[in-house]
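Notes for the one structure printed next.
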Amino acid sequence: MEERYDPKKIEERWQRFWDQNKTFKVTEDASRPKYYCLEMFPYPSGRIHVGHTRVYVIGDVVARYKRMRGFNVLHPMGWDSFGLPAENAAIKHGIHPEKWTLENIAYMRDSQLKRMGLSYDWDREVTTCLPDYYRWNQWLFIKMYEKGLAYKKRSYVNWCPSCATVLANEQVEDGLCWRCSSVVTHRELEQWFFKITAYAEELLAHCDTLTEWPERVLTMQRNWIGKSIGVEVDFTVDGLGEKLQIFTTRPDTLFGVTFMSIAPEHPMLDALIAGKKQADEVRAFCQRVMRLDKAARTDGKQEKEGVFTGAYAVNPLNNEKVPVWVGNFVLMEYGTGAIMSVPAHDQRDFEFAKKYNLPVRIVIQNAGKDLNTAAMKEAYVNDGAMTSSGPFDGISNVQGKEKVADYVEKKKIGKRTKNWRLRDWGVSRQRYWGTPIPIIYCDACGTVPVPEDQLPVKLPTDVAFTGKGLSPLVESGSFSETKCPKCGGPARRETDTMDTFVDSSWYFLRYCSPKEEKAPFDKKAAGYWMNVDQYIGGIEHAVLHLLYARFFTKVIRDLGLYEGDEPFQRLLTQGMVVKDGAKMSKSKGNVVPPDVIISKYGADTARLFALFAAPPERDLEWNVQGVDGAYRFLHRIWTLIYKYHQGILKVKAAAKEAQGDPLYRKTHLTIKKVTEDIEREFHFNTAIAALMEMVNEMYEYTADGVSENKLPVLRSAIETLTLLIAPFAPHFAEELWESLGNKTSIANAAWPQHDPEAIVAKSVTVVVQVNGKVRSKLTLAVGTSDKDIEAAALADPKVKEHTNGKAPKKVIIVQGKLVNVVV
RNA sequence: GCCGCUGUGGCGGAAUUGGCAGACGCAAGGGACUUAAAAUCCCUCGGGGGGCGACUCCCGUACCGGUUCAAUUCCGGUCAGCGGCACCA
């Protein structure tokens, strides 16, 4: 054993050892319990910083701990490697996206991740931008096409002018592009969609089964799916005879309808205004509204505006004629694109009615204070008794909702229905660096999927990256011109590529059998490894990746490829890494690359600090002095062990016979504490604090030298400490483990178990309170009876002083903890 | 506006089932070692008061109130910060 702790030498040595011995390679083994530990795989942007590595360190501790607990641990790593930055680099620097990407991967793998000492089975590395992976994206796309789950439609879609591509709804945040924050505009385009709405009900219902997910994420998913239950009702357009269908969640207010509002895009609009004197004004209004971008259009603060179409519709419940307006706040995408307006009981309708002087009719009466239309300052949206509602007068509106719905269905003027906020997932991207959509268009045969035996449709390499005009795939004649697989005639390929979120929607299944050539993954292998027992990643994916991956798992299940409803058993969303008060990011200029920390302190120090400074789900302030502290801790252990190294090698570690020795007791208390802290919500910070306490106690124990007969106890403490620190500081632990005479890797050593008898104390300190205030402490033998405890407490001089001679009213005793004398 | 989370020393954080508030670490101050420094080791370290002193008393977990022998923990209200949703019919 070297006198000084030299992380550089140690870490290089053990990383080589793990690589050469394939220490973390795993295969299916039915005789052992499996554990699948997965961190969200990275986009290989080039250089990562400690903000990125935090998640891998957290996952690595889990994986190493579970391995020592005897689990067959699958812990893979790969690359989410399709995406825009590669293409932008190509445009800017003239490097092909593939070259740029693969070089980044090599650097990140070999110079950053491997140097952190992460226990991955690198033989399972998955790289989504390579044909052996993306061919299965294409295969899955075709399967989904065959089942009607992938379809093409012309519609208004989100367009990011800066990224020059379409975005899915989930990728628009506050009207801005999730990646570059440009204002998202609307475009009418023909696009491929995945029918995620077909799974809306199940995606929502199964949220209830994800009991080991953070409630926050589930709330976000439930909000995003946005189920609302209501009624569709047909109003008849006066003079036209056509049905104008509306959706409402408030059928109880149907008698309060005083006008209707439709979206500017509503298909019936032309018919409504045909021949009316308002026609030109309405058209001008609609064009003005439709020109607005998505953010402006859906901003709730925007004033409600509208224009009368000149048409009337008949309310089927009371046969009243009400005017039909166009409203700027009515959305074509939600419901039926038309609403009934009840100004008395809907705030938007109320504002609209006030602005345009439309009538207000109260149909729900406030039980506390009678409403009257003249005095109303805002809509009354609470419950009450129905009024002016024909046969429903007098009943509560809560019951009324059901009764009116029954009535509507009986009269066949509408039906109960559900509406979803969730939209189908638009997956077409007008860019090069993604999976080509495996579809061919033939003038004779129409849309034809590429036959399975012709997969993969590879990305062409002979393309130019100009950054101008259309995607390189459109410009590449050799790619788009092809033959129809059906009739052999001339045809052209789809030139759009898939959203990169498709890649990450099933990669966790691919890890189970990454080399499989006949299917996306081997069903048996997936049956063994899935689900992912622990998934770890950022909260930013709460409704993106995590929703898509759940959807894909269900689709894959229904294709008969996998038996299981949900991919991720337990989810941990780690906090971000903050420095100087801001999230670590390249643009803020506050990044700390792991390489720098590793060179100066070593990976074990970097790991220890990241784990100690905050619990995993909370944000972590990166602070150099804190890193020093972690470094000091490792040195302190090393120095202590070095001092007694020769001595303890001559003895066997203490066992039961040492019960009663204070260090032996501390050793076993620490085993218990560290194990519980890891098992309970991965509280690594307190687990490491417990190790520090143990080391402090070892220093005290050895302060006046160690006699021969204490060496076995010291040896057991040192061995235990080495094992307990192994998941956190693995290189450090390996080196010490070897120096203690062990021939095999500590990664496969058994996690220690605490001896319950060793931690039993003979005596306990009992807090003595008078009227709830601590006044004294007593040291009593364990098992002292309540009667004796009370007597001891009352005999205590401090107690006598504070009770002032008064007799106790009550004495509360909590065994082994506290006595409270109440006077 | 609605929903959720959070609020503890100079700082990061701990207190697991209602039972000693501030574990552990950082920073700071003092001391030992050293020609000196670094490193290391030891001590002090929430605020205020009293005592020469071993000590001791009061206050304190955003704020106000409640339940309880006992509240950082449970309940009600207020404030602040963060996050999500939001013209969704």
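Naming: A, B, ... by sequence-line order, numbering from 1 per chain.
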At their closest point, which heavy atom of A:Ile725 faces which heavy atom of A:Phe633, and how far apart are they?
CD1-CE2, 3.9 Å
Can you tell me the distance, in whole Å, between the CZ atom of A:Arg618 and the P atom of B:G7?
7 Å
Describe the nucleic acid contact of A:Gln625 in one word from base, sugar-phosphate, nothing, applying a heavy-atom distance below 4.0 Å.
sugar-phosphate
Calculate the interatomic distance between A:Arg4 atom CZ and B:A38 atom C1'; express it in whole Å.
11 Å
Residue whose closest nucleotide on RNA chain B lies nearer the 5' end, A:Glu693 versus A:Lys798
A:Glu693
Spacing between A:Glu215 atom CD and B:C5 atom P, to the nearest angstrom:
9 Å
Nearest-Å distance, CH2 (A:Trp325) to C1' (B:C87)?
17 Å
Separation of B:C26 P from A:Phe633 CZ (nearest whole Å):
11 Å
Regarding A:His802, tell me which of base, sugar-phosphate or nothing describes its non-hydrogen contacts under 4.0 Å with the strands shown.
sugar-phosphate
Look at all strands and tell whether A:Val330 reaches a base, only sugar-phosphate, or nothing, counting heavy atoms closer than 4.0 Å.
base
For B:G7, give its Watson-Crick or G-U wobble partner with both distances under 3.5 Å, or none.
B:C79
For A:Gly629, which contact category applies under a 4.0 Å heavy-atom criterion: base, sugar-phosphate, or nothing?
sugar-phosphate
Complementary nucleotide of B:U44, counting Watson-Crick and G-U pairs under 3.5 Å
B:A28
Any sub-3.5 Å donor-acceptor pair from A:His266's side-chain atoms to A:Ile262's backbone N or O?
no
Hey, does the side chain of A:Arg348 come within less than 4.0 Å of B:C88's phosphate (OP1/OP2), counting only N and O?
yes
Touch check for A:Asn696, heavy atoms < 4.0 angstrom, all strands: base, sugar-phosphate only, or nothing?
sugar-phosphate
Taken to the nearest whole Å, CZ/A:Arg636 to P/B:C24 is 11 Å
What's the CD-P distance between A:Glu232 and B:C88, to the nearest Å?
18 Å
Students often get this wrong, so: under 4.0 angstrom with heavy atoms, is A:Arg680 touching a base, only sugar-phosphate, or nothing?
base
Partner of B:A14 under the Watson-Crick or G-U wobble criteria, both distances under 3.5 Å, comes out as none
Is A:Lys583 atom NZ crowded by more than 12 heavy atoms from other residues, nucleotides or ligands, each under 6.0 Å away?
no
Both A:Asn623 and A:Ile539 contact RNA chain B. Taking the nearest nucleotide for each, which residue is further toward the 5' end?
A:Asn623
Walk me through whether A:Glu333 and A:Arg423 qualify under salt bridge (charged side-chain N to carboxylate O under 4.0 Å, His left out).
CA-CA 8 Å; A:Glu333 308 94 84; A:Arg423 309 256 71 87; over 6 Å; no
Could you check whether the side chain of A:Lys810 and the base of B:C69 have a donor-acceptor pair of N or O atoms closer than 3.5 Å, going by distance alone?
no
Under 4.0 Å, heavy atoms only, any strand: does A:Lys773 hit a base, just the sugar-phosphate, or nothing?
sugar-phosphate
With distance as the sole criterion, do the side chain of A:Asn223 and the base of B:C85 form a donor-acceptor contact below 3.5 Å?
no
Please tabulate, one pair per line, all N/O donor-acceptor pairs under 3.5 Å involving side-chain atoms of residues 250-257 of chain A, not counting sequence neighbours.
{"residue": "A:Arg250", "atom": "NE", "partner": "A:Asp252", "partner atom": "OD1", "Å": "3.1"}
{"residue": "A:Arg250", "atom": "NE", "partner": "A:Asp252", "partner atom": "OD2", "Å": "3.3"}
{"residue": "A:Arg250", "atom": "NH2", "partner": "A:Asp252", "partner atom": "OD2", "Å": "3.0"}
{"residue": "A:Asp252", "atom": "OD2", "partner": "A:Asn397", "partner atom": "ND2", "Å": "3.0"}
{"residue": "A:Thr253", "atom": "OG1", "partner": "A:Arg250", "partner atom": "O", "Å": "2.8"}

Watson-Crick or G-U wobble partner of B:A38, both distances under 3.5 Å:
none
Can you tell me which nucleotide in B:A23, B:U16, B:A89 comes closest to the side chain of A:Ala689?
B:A23
Rounded to the Å, how far apart are A:Ile688 CD1 and B:G12 P?
18 Å
Given the C1' atoms of B:C74 and B:G19, what is the spacing between them in whole Å?
14 Å
Any donor and acceptor pair, going by atom type alone, linking the side chain of A:Asn685 with main-chain N or O of A:Phe612 inside 3.5 Å?
no
Rounding to an integer number of angstrom, what distance separates B:G60 and B:G4 when you compare their P atoms?
31 Å
Classify A:Arg775 by what it touches in the nucleic acid, base, sugar-phosphate, or nothing, heavy-atom distance under 4.0 Å.
sugar-phosphate
So what does A:Ser228 hit on the nucleic acid, given a heavy-atom distance under 4.0 Å: a base, only sugar-phosphate, or nothing?
sugar-phosphate
Side-chain donor/acceptor contact of A:Lys809 with base of B:C69 under 3.5 Å
no
Choose from B:G84, B:C88, B:G19 the nucleotide whose nearest atom is closest to any side-chain atom of A:Tyr334.
B:C88
Side chain A:Asp234, main chain A:Gly414, donor-acceptor under 3.5 Å:
no
For A:Asn685, report the nucleic acid contact type (base, sugar-phosphate, nothing); a contact means any heavy atom under 4.0 Å.
sugar-phosphate
Regarding A:Glu351, tell me which of base, sugar-phosphate or nothing describes its non-hydrogen contacts under 4.0 Å with the strands shown.
nothing
Now, which nucleotide makes the Watson-Crick or G-U wobble pair with B:C69, with each of the two distances under 3.5 Å?
B:G19
